[in-house]
Amino acid sequence: RAGSLDRSTRGSSTTLNADEDNINVVVRVRPISEKERSCGERTLLEFPGKGQVVCHNTTPSQKAKVFSYNVVFEPEATQEDILEYSGVKRLLEMAVEGFSCTAFCYGQTGSGKTHTLTGPPGLVESGASPFAPGHGLVVRSFVHLFRLISERPESHFILKASFLEIYNEKVIDLLNPGSARKPLQVRWSKESRGFYVENLFTVDCETLDDLFAVLEEGMRNRAVGAHAMNAHSSRSHTLLCVRVRRDLREDAGVVCSTHGKINFVDLAGSEMTKRTHSTGKTLEEANNINRSLMVLGYCIAQLSDGKKRGHIPYRDSKLTKLLADSLAGNGVTLMIACIAPTRSNLSETINTLRYAARAKKIKSKPIVKMDARDALILSLKREVEALQAENQHL
Ligand code: ADP
Ligand code: MG
């Protein structure tokens, strides 16, 4: 734990500074399970601090691999540590200020993605209080979001939440289980210059309980769907989105609105991409395995390679369309790479650590999303102010 809480590796999680990296990469290592322990499994990972993970190899002749990230959470780290030190608080602040933000968990099945986002199985669905211990990052973020809002009494906020699942490139509304029979379409909006899901159920959330109810309902519906289909949850992505509209009354009664959002994404198991890579199949052929996960990998690889900018294949999958604004344009992304500590998971662990190291190279400047009209009014107002100031000096 000392390594994860090392001051130098915390990152500046609470400061709002658009010049910082727009992707923050942290690693969470889950504890060895009872079952693994009883099979005599041991950990192959070491944490020297400063955001580093050392991965020892299985044979003494092979050299250990060293990876470094913004923060590494060791197996003893608590759910509260993830909220405090992952940088998610900066994302929440930015969502309130009008940026598009995404926090996603990446890793093989069983590495702790769902645990990190929503806690142990059944906790949310059981209707536990939002303040119950054990809750994951999503519920803790909801609580923090309402704290941030209460600190800004000069603004009026409107929150809207939606919760969907992408399974086999079909978008299913987790708040409307009937949509499993008739998947929803992802479309481009000229007006807001972004992708959206047509007919997605969106809930106005005035209180913390409203947000929590959305999560609970969606998780229950997901469990029902998963029961009907084998290995469903390891092959699907879930995306919970909270839109934050802020109306701020400027001088002279002008109301300026910003439109921020935060997505929480629980990705399909990363072992799903392997089959396509190993047979060298093209994106087209990957269609039925897990296109969204593969394309996300391509997008991240291209984004981190500055020279290839402009050819980022967001349009090639449902998930990347929906995350495009936070990955590139006007957003900030937090990647939580989840890994298991044991020998039997070593090759998947190294794949995840590599993927995460590549993501860390992405840089782009986030911008606030505002209504075009509001942006124009604001810029004209600033111009008038500048002219008035100039006049005073004459
Ligand atoms: P994934 O969603 O990546 O497939 P899960 O989140 O379901 O993995 O985790 C697999 C199992 O390990 C679950 O039983 C989960 O509760 C447990 N687990 C994962 N991470 C932790 C952790 N940090 N502390 C305690 N148990 C964990
Ligand atoms: Mg899971």
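Counting starts at 1 for both ligands and their atoms, in listed order.
- Inter-residue side-chain proximity for D210 and V203 is flagged as unmet; no heavy-atom pair is nearer than 4.5 Å.
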Practice problem: Would you please test T320 and S317 for side chain to side chain donor-acceptor pair (under 3.5 Å) and show each step? | Solution: CA-CA 6 Å; T320 47; S317 83; 2.7 Å; yes
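- R30 CD, 4.2 Å is the protein heavy atom nearest to atom 12 (O) of ligand 1.
- Under 4.0 Å is where a charged nitrogen must lie from a carboxylate oxygen, and between R235 and E271 no such pair does.
- Here the CG-CG distance, from L92 to L145, works out to 6.0 Å after rounding to the nearest 0.5 Å.
- Of the protein's heavy atoms, at least one falls inside 4.0 Å of atom 15 (C) of ligand 1.
- Ion pair E41/K35 not flagged as a salt bridge, since none of the NZ, NE, NH1 or NH2 atoms sits closer than 4.0 Å to an Asp/Glu carboxylate oxygen.
- At a cut-off of 2.8 Å, T114 coordinates the Mg ion (ligand 2) through an N, O or S atom.
- When only non-hydrogen protein atoms are considered, atom 11 (C) of ligand 1 lies nearest to G110 O, 4.8 Å.
- Salt-bridge annotation for R90 and E97: absent, with no side-chain N of the basic residue lying under 4.0 Å from a carboxylate O of the acidic one.
- Counting atoms of ligand 1 from 1 in the listed order, those under 4.0 Å from a heavy atom of T109 are 4 (O).
- Polar contact with ligand 1: absent for T116 (N/O pair, distance under 3.5 Å).
- At least one N/O-N/O distance between H115 and ligand 1 falls below 3.5 Å.
- Inside a 4.0 Å radius of atom 27 (C) of ligand 1 there is at least one protein heavy atom.
- Checked against a 3.5 angstrom limit, the closest N/O atoms of G112 and ligand 1 fall inside it.
- By the criterion of a heavy-atom distance under 4.0 Å, neither the backbone nor the side chain of S234 is placed next to ligand 1.
- Polar contact check, T114 against ligand 1: a nitrogen or oxygen pair lies under 3.5 Å apart.
- At a heavy-atom distance under 4.0 Å, only side-chain atoms of P121, from C-beta outward, approach ligand 1.
- Under 4.0 Å from ligand 1, the heavy atoms of Q108 that appear belong solely to its backbone.
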